[in-house]
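Notes to accompany the following structure.
Chain naming here is simple, since letters A, B, ... match the order of the sequence lines and numbering starts at 1 in each.
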2 protein chains.
Amino acid sequence: MVVETLSENELDRLFQALADSTRRDIVRRVTLGGYSVSGLAALYAMSFAAVQKHVAVLERASLVTKEKHGREQIVRGNHEGLQEARRLLDGYEQIWRQRADRMADILAEG
Amino acid sequence: MVVETLSENELDRLFQALADSTRRDIVRRVTLGGYSVSGLAALYAMSFAAVQKHVAVLERASLVTKEKHGREQIVRGNHEGLQEARRLLDGYEQIWRQRADRMADILAEG
DNA sequence: CTAACGTACAACCAAATGGTTGTAGAAACG
DNA sequence: CGTTTCTACAACCATTTGGTTGTACGTTAG
């Protein structure tokens, strides 16, 4: 498995992209199956251009990919992006665990 | 264990809070051990007030807690907040897995 | 060919963000 | 006591964000 660590800027974009409920909903939907941009746009109470921008944000964050298919652009979930986010949070979790372990050691010594 | 699901707004705040490298660094540091606000401020090339705002953002996102101790305010990592974020991403992961399983089924049927 | 559809992108706007400086209060120190 | 330290918060500023409308262009349908 290729484990490339993301730059801080890439992480910024990743979490920034997830920090909007419409975009999280898009991620959920396109992970289950491909949607055209206009297909997505039909789902939300906002303009086509607004949804288009949300998709662009997700694409820049590597959470989603677009694939041209005729005159449509099919949006699909990108597993890699999500895994990166999970990986970072798992890292925090480990830091926490190590800290808890040290606490236990200290209590045991005391 | 108390598993309360966060509202969309709370998730917005959570991921928004993680979408800044300074704040991610603060989370890492205060998870390893408590820091006063000025102790944190000393670590970054920005004003005390700026760091104070970052801590406030993290606090509103439940990623960090503050505890008054004399004239200092000790900042500590809040495990619950991080777990919520991980939980959501794990949810996406499961959606992906289910999709992959269905794909495998379809291929097997074919 | 012409009309409709799907997309891209620019221009604009209000609100939020990330930073600054300055002021003020509460706690500790000499 | 007076002074320093730590914190909080307001006011301000530039940039980004999330939305809008309008225009333009390639692709499909009739």
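- Nearest-nucleotide assignment on DNA chain C puts the 5′-proximal partner with B:R60, out of B:R60 and B:A45.
- A sub-4.0 Å separation between OP1 or OP2 of D:dT7 and a side-chain N or O of B:Q52 is absent.
- For A:K66, a side-chain nitrogen or oxygen approaches OP1 or OP2 of C:dA8 to under 4.0 Å.
- Taking only side-chain atoms of B:Q16, from C-beta outward, the nucleotide of D:dT21, C:dT7, C:dG18 with the closest atom is C:dG18.
- Taking atom NE2 of B:H69 as the reference point, atom C1' of C:dA26 lies 16 Å away to the nearest angstrom.
- When the C1' atom of D:dG26 is taken as reference, atom CD of A:Q73 falls 12 Å away, rounded to whole Å.
- Atom CG of A:L58 and atom P of D:dG18 are 10 Å apart (whole Å).
- One can place CZ of B:F48 at 11 Å from C1' of D:dC9, the figure rounded to the nearest angstrom.
- When the P atom of D:dA29 is taken as reference, atom CD of A:E72 falls 10 Å away, rounded to whole Å.
- Across all strands shown, A:T22 has no heavy atoms under 4.0 Å from either base or sugar-phosphate atoms.
- Taking 4.0 Å as the cut-off between side-chain N and carboxylate O, A:E10 and A:R13 do not count as a salt-bridged pair.
- Here B:K53 does not reach the OP1 or OP2 of C:dT20: none of its side-chain N or O atoms lies under 4.0 Å away.
- Each of A:G70 and B:S38 lies near DNA chain D, and the nucleotide nearest B:S38 is the one positioned closer to the 5' end.
- The CG atom of B:D20 sits 12 Å away from the P atom of D:dT17 (whole-angstrom rounding).
- In this structure, A:S47 reaches the D:dT20 phosphate: one of its side-chain N or O atoms is under 4.0 Å from OP1 or OP2.
- Residues B:R24 and B:D20 are not paired through a salt bridge, judged by the lack of any N-O separation under 4.0 Å between the basic side chain and the carboxylate.
- In terms of position on DNA chain D, the residue among A:K68 and A:M46 whose nearest nucleotide sits closer to the 5' end is A:M46.
- Here the P atom of nucleotide D:dT16 and the CG atom of A:N9 are 12 Å apart, to the nearest Å.
- Here D:dC6 is the nucleotide among D:dC6, C:dT7, C:dT21 with the atom lying nearest to any side-chain atom of B:R71.
- Atom-to-atom distance recorded for A:S21:OG and B:L11:CG is 9.0 Å, nearest 0.5 angstrom.
- Comment: B:D90 does not engage B:R87 in a salt bridge, judged by the lack of any side-chain N to carboxylate O separation of less than 4.0 angstrom.
- Straight-line distance from the CD atom of B:E59 to the P atom of D:dC9: 10 Å, rounded to whole Å.
- Taking all atoms of both residues into account, the shortest heavy-atom contact from A:L89 to B:A85 is CD1-CB, 3.6 Å.
- Taking the side chain of A:H54 as heavy atoms from C-beta on, and the options C:dG19, C:dT7, D:dG18, the nearest nucleotide is D:dG18.
- Closest to the side chain of A:A49, out of C:dT20, D:dT7, C:dC9, is C:dC9.
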